[in-house]
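All remarks here apply to the structure that follows.
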Amino acid sequence: MKQLFFSFLLIVLALTAWAMWNTVENLNRQVTTRFEGRRWELPARIYARPLELYAGKNLRPQELQQELEQLRYIQTENLEKPGEYRAAGNRFTIHSRGFAFADGRQPPTLIKLHFTGNHIAALTDQAGKPLTLFRLEPLHIAAIYPGDNEDRLLIRIKDAPDLLIRTLLLVEDKKFYQHHGVRPPAILRALLANLKAGKTVQGGSTLTQQLVKNFFLTSEQSLRRKLNEALMALILEYHYTKEEILEAYLNEIYLGQDGKRAIHGFAMASRFYFQRNLDELAPDQIALLVGLAKGASFYNPRKHPERAGARRNRILISMSRAGLLNTEDAVSLQKKPLGVSKRIPSGITRYPAFVELVRRQLKRDYRDQDLQSEGLSIFTTLNPVLQQQAEQSLQRVLSTIERERKMADATLQGALVLCSADQGEVLAVVDDRFPRQAGFNRALDMRRPLGSVIKPAVYLNALSRPDFYNLLTILDDEPLSIPLAGGDWQPQNYDKTFHGPVPLMQALVHSYNVATVRLGMELGLENVINTLHELGIKEQIQPFPSLLLGAVEFPPIEVLQMYQTIAAGGYRTPLRAILAVTDRQNRLLQRYPLTVEQAADPAAVFCLNFALQEVTKTGTGHVLQQLLPPGLAVAGKTGTTDELRDSWFAGFSDTHVAVAWVGSDDNGSTGLTGATGALRVWADVMARIQTTPLQLHPPDTIDFYFSSIRQGKLFADQCRQGELVPFIRGGLLPPVIPCTGSRPSGYTPPRNRSQKNEPGQTIEEGIQKFLRIFR
Amino acid sequence: MRRHAFPVFLLLILLLVPGCAPSPYRPPTPYRRQPTINQESRMPGPTVPVGQPKNPLTRDIRQQAGLQMQKGRLTAAAQTLERGLRIAPKDALLWSDLAAVRLQQHRYGQAQSLAAKSINLAGGDGTLIRRNQRIIEEAQRARK
């Protein structure tokens with residue numbers, strides 16, 4: 001009987017041991033799997049372009065200040081830490097933050113620069129040695145969060161401020177380096193205190209246990225969970241070093257909430273509460289963050305500033321007692337306000353329209369899952385300053401138009417896209433006059449008929465055949481009837497009159513519809529469609545004659561691509577919003593390099609651009625002469641659709657291409673033409689941004705002749721009157737007419753060559769030329 | 001001397017015009033436009049960009065890209081040149097250097113297009129145009 005009892009006991013013990021072993025083994029597997037593998041899913045972070053600084057750059061001091069404020073730099077006299085700057089008049093000293101760019105890490109650096117007028121006169125390092133080029137870190141504009149909505153920035157233990165670690169251990173676990181994961185005396189003490197008080201007043205958890213609780217367990221309060229917590233803490237301590245555990249704690253601990261987004265880890269919390277990096281924090285700010293570890297909701301400094309303040313002050317006193325702070329500092333720091341930013345740095349981007357473009361481009365190369373978890377850094381082309389100026393321009397001009405025309409508020413809507421001319425880098429995307437409201441992305445998805453902004457494709461197709469067409473080829477602007485299946489189509493001009501024979505350039509400059517349709521039909525619809533595709537329009541286009549007047553619907557971003565090719569002299573560069581992607585170790589994963597395709601003959605594009613520049617001087621866009629600053633030469637084209645439903649303007653300076661659309665969401669008539677609506681938005685943006693006047697670069701195959709544009713003829717060589725018009729060498733030339741005796745009243749010598757056309761200053765040249773004629 | 005230039009010109013007109021009136025239908029000679037960009041350039045080898053452009057910023061960027069190319073860090077060289085083009089987008093030398101990098105990367109189509117673009121911006125700079133033509137020829141040969 002006794003033997004049976006012992007056998008039974010042995011079996012029970014064996015089974016218990018086996019069950020315990022299983023439990024421990026199971027917990028061991030859980031701990032090691034999580035710790036050995038990737039511990040956290042990290043959101044992808046999207047960055048704007050960095051601000052490049054160099055001597056000679058056009059930049060206003062207030063723009064630099066604006067950039068620094070967006071980057072949350074603090075203006076101070078001492079410049080002790082990165083993220084601080086000093087401004088004295090037109091002199092700036094900046095202590096930049098270090099940043100891992102796609103092409104390498106830039107350490108924190110102290111730089112000095114001063115402005116003369118609106119440009120940087122000198123840029124030096126701390127010792128006064130000239131710096132050729134320096135970039136500030138880019139603005140973080142958006143993130144793509146994991147499914148659990150945890151937001152964190154990883155830090156390594158060696159990068160964490162010493163004061164943070166020492167304060168954390170002081171407050172949360174003084175014996176961290178002595179215990180093995182649990183401290184039974186502390187647990188017992190806490191148990192007794194809690195029993196005495198009848199509620200939980202004291203916690204006995206070590207830092208390791210807190211990490212286990214955050215990492216592996218739910219917030220359920222049960223003995224079983226407590227036991228598991230203790231076992232896992234022991235396992236963790238058995239397998240890993242104290243530094244590894246502490247580093248995991250620094251990154252894992254829950255420290256705040258923003259809607260669905262949970263703020264984890266001290267690095268993210270530092271950004272969330274102070275909009276600064278962890279290494280930039282003052283002792284009182286560190287004390288506040290450490291205080292949050294006990295209960296991020298209870299001590300939320302934005303909701304419960306008194307509670308948070310009291311806890312911070314208690315910690316400051318502890319710090320002083322432990323010798324981490326001297327007493328005077330501890331006293332004065334307690335009087336400081338909490339310093340928490342009023343504005344909660346939202347996890348929702350301020351640039352939803354641009355970020356949408358980025359996400360679409362990312363989707364071609366990355367799975368959603370990778371974007372949400374791999375901690376990628378995405379470097380984009382967004383220029384936050386231009387974006388802000390474009391948003392303000394759209395808002396302001398639409399309000400002005402509504403006021404002038406006595407329209408109800410918010411009748412008009414608009415979109416604006418802007419890119420660099422030669423690189424095709426998308427710098428700004430505005431999809432709404434109220435750009436923060438999420439919704440339909442007009443810049444990317446809205447399909448509206450183009451109207452006359454399509455016409456340059458028709459004229460480019462003609463000018464690409466120099467044996468048949470040039471800028472002065474006479475087109476017929478007389479009544480035209482095109483038989484179609486549903487009856488004849490008789491295009492009309494906007495002014496409802498016909499202009500008879502008109503030089504090709506004038507037909508484009510004044511946007512004559514009938515002459516354009518006749519030309520397009522002569523060229524062949526398929527050929528015009530080919531030109532549109534060459535210019536970058538990807539969508540299928542049906543060969544209806546009405547396409548010649550823009551009865552095809554594309555979103556503004558497609559029009560931007562078309563005009564980028566034109567602005568770049570016929571060299572198409574696919575529009576890019578992303579430049580590079582790096583992984584969480586800052587290794588380059590992918591680059592989106594600058595690519596160029598010759599889409600059209602540069603000489604033909606040069607002739608086209610000559611005419612498009614004329615549009616903005618004497619044509620349908622002539623009002624730009626009043627709206628733009630003097631000397632800012634541009635080229636572009638207006639577009640208006642039937643019943644004044646859509647108002648477009650697409651055009652470019654030397655360095656920027658922009659497309660603006662104004663209309664109403666219900667597709668009703670706005671009463672606006674391209675020139676009275678979208679052009680004004682476009683001009684407002686161009687006038688405000690730092691851009692360069694258009695300077696057309698004639699290819700080597702271009703010759704200029706003195707011409708009468710009105711008559712579509714060349715003047716005989718000796719006349720030197722009229723205007724210089726470009727022609728493709730070897731191509732068809734217009735008829736020659738004799739001198740008319742006097743210069744036309746509207747004659748203005750072309751830019752750059754006005755000197756040469758003045759007889760008094762070109763005597764030698766004049767004589768040589770004269771002699772050559774009679775040779 | 002300059003004071004007398006205009007009367008001399010008038011005299012020539014008086015002497016020449018009455019005796020030999022030009023036909024109004026004679027095809028005019030083209031007026032040659034001056035190059036709109038003014039760049040000093042030297043003919044660098046197709047692989048390592050060198051040269052002394054006037055803009056010190058461009059010069060430094062080209063030097064940095066040249067060093068990166070010499071070390072075989074072609075992606076880094078392209079990144080440097082693209083950074084330069086963001087600052088000086090009409091600089092024909094930088095476009096030409098980028099074409100040279102693409103040639104080294106065996107991206108011949110891009111080498112050709114970029115060199116053609118550089119020619120378009122070269123403003124009659126014969127040396128630079130010849131350099132670009134050589135890049136185009138090399139790319140064409142390599143593609144065959």
Side-chain angles (χ1 to χ4, degrees), chain A residues 52 54-57 102-103 132-133 420-423 425 568-571 588 591 593-598 602 654-655 695-700 702-706 714-718 724 726-727 729 733 735-739 752-753 756 759-760 763-764 766-767 769-774, chain B residues 2 5-6 8-9 12-13 16-17 19-20 22-37 55-57 59-61 63-64 75-76 78-87 89-90 92 95 98-99 102 105 107 109-110 112-114 116-117 119-124 129:
Chain A
E52 297 273 11
Y54 51 91
K57 182 184 176 88
D103 58 358
T132 311
L133 191 56
S420 58
D422 288 281
Q423 290 87 358
E425 292 176 356
Y571 291 89
L588 184 66
R591 234 169 67 72
L594 170 62
T595 57
V596 164
E597 299 294 337
Q598 188 174 333
D654 214 38
T655 44
Q695 198 177 4
L696 297 175
H697 302 264
D700 212 32
I702 286 289
D703 287 332
F704 286 84
Y705 290 88
F706 285 102
L714 300 189
F715 280 114
D717 211 7
Q718 73 278 19
L724 282 166
F727 293 88
R729 190 175 306 142
L733 283 177
V736 181
I737 52 168
C739 309
N752 289 339
R753 281 166 289 100
K756 294 215 165 204
I763 296 296
E764 262 62 44
I767 292 171
K769 199 144 181 135
F770 238 89
L771 293 174
R772 202 166 61 236
I773 291 168
F774 299 106
Chain B
R2 195 167 170 77
F6 192 62
V8 171
F9 181 51
L12 271 166
I13 291 173
L16 295 171
V17 172
C20 186
S23 155
Y25 302 105
R26 176 191 290 270
T29 50
Y31 182 97
R32 293 298 298 141
R33 183 189 265 260
Q34 296 301 307
T36 50
I37 51 171
N55 182 346
L57 189 63
R59 184 195 58 212
D60 286 6
I61 283 169
Q63 272 172 359
Q64 192 186 339
T75 304
Q79 274 179 304
T80 303
L81 291 167
E82 285 185 30
R83 191 179 171 194
L85 282 168
R86 243 169 250 132
I87 293 161
K90 304 290 179 188
W95 286 102
L98 190 57
R102 296 287 182 242
Q105 290 176 316
R107 296 182 57 190
Q110 274 305 301
Q112 270 180 266
S113 298
L114 291 162
K117 177 150 179 128
I119 290 174
N120 204 37
L121 294 169
I129 290 170

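Below, chain A is the first sequence line, B the second, and so on; all start at residue 1.
Heavy atoms of A/Glu597 lying under 4.5 Å from chain B belong to its backbone as well as its side chain. At a 4.5 Å heavy-atom cutoff, the contact between B/Leu98 and chain A is made by side-chain atoms alone. Interface remark: A/Gln598 contributes backbone and side-chain atoms alike to the contact with chain B (heavy atom separation under 4.5 Å). Of the two parts of B/Arg107, only the side chain, counted from C-beta on, holds a non-hydrogen atom closer than 4.5 Å to a non-hydrogen atom of chain A. For B/Ala76, no part lies near chain A; criterion is any non-hydrogen pair under 4.5 Å. Using a 4.5 Å cut-off between heavy atoms, A/Ala55 makes no contact with chain B at all. Using a 4.5 Å cut-off between heavy atoms, B/Ile87 contacts chain A through both its backbone and its side chain.
Of all the heavy atoms in B/Gln110 and A/Thr595, the pair that sits closest is OE1-CA, 3.2 Å. Here the closest heavy-atom approach between residue A/Asp103 and residue B/Gln79 is recorded as CB-OE1, 3.5 Å.
Between the CG atom in A/Leu594 and the CG atom in B/Leu81 there is a gap of 10.0 Å [rounded to 0.5 Å]. The OH atom of A/Tyr54 sits 13.5 Å away from the CG atom of B/Asp60 when rounded to the nearest 0.5 Å. From A/Glu425, atom CD reaches atom CD of B/Glu82 across 7.5 Å, with rounding to the nearest 0.5 Å. Taking OH of A/Tyr571 as the start and CG of B/Asn120 as the end, the distance is 4.5 Å to the nearest 0.5 Å.
B/Gln64 has its side chain out of reach of A/Thr132: every pair of non-hydrogen atoms, C-beta onward, lies at least 4.5 Å apart. Counting only heavy atoms from C-beta outward, the side chains of B/Pro89 and A/Gln423 approach each other to under 4.5 Å.
Formation of a donor-acceptor pair under 3.5 Å by the B/Lys90 side chain with backbone atoms of A/His697 is not found in this model.
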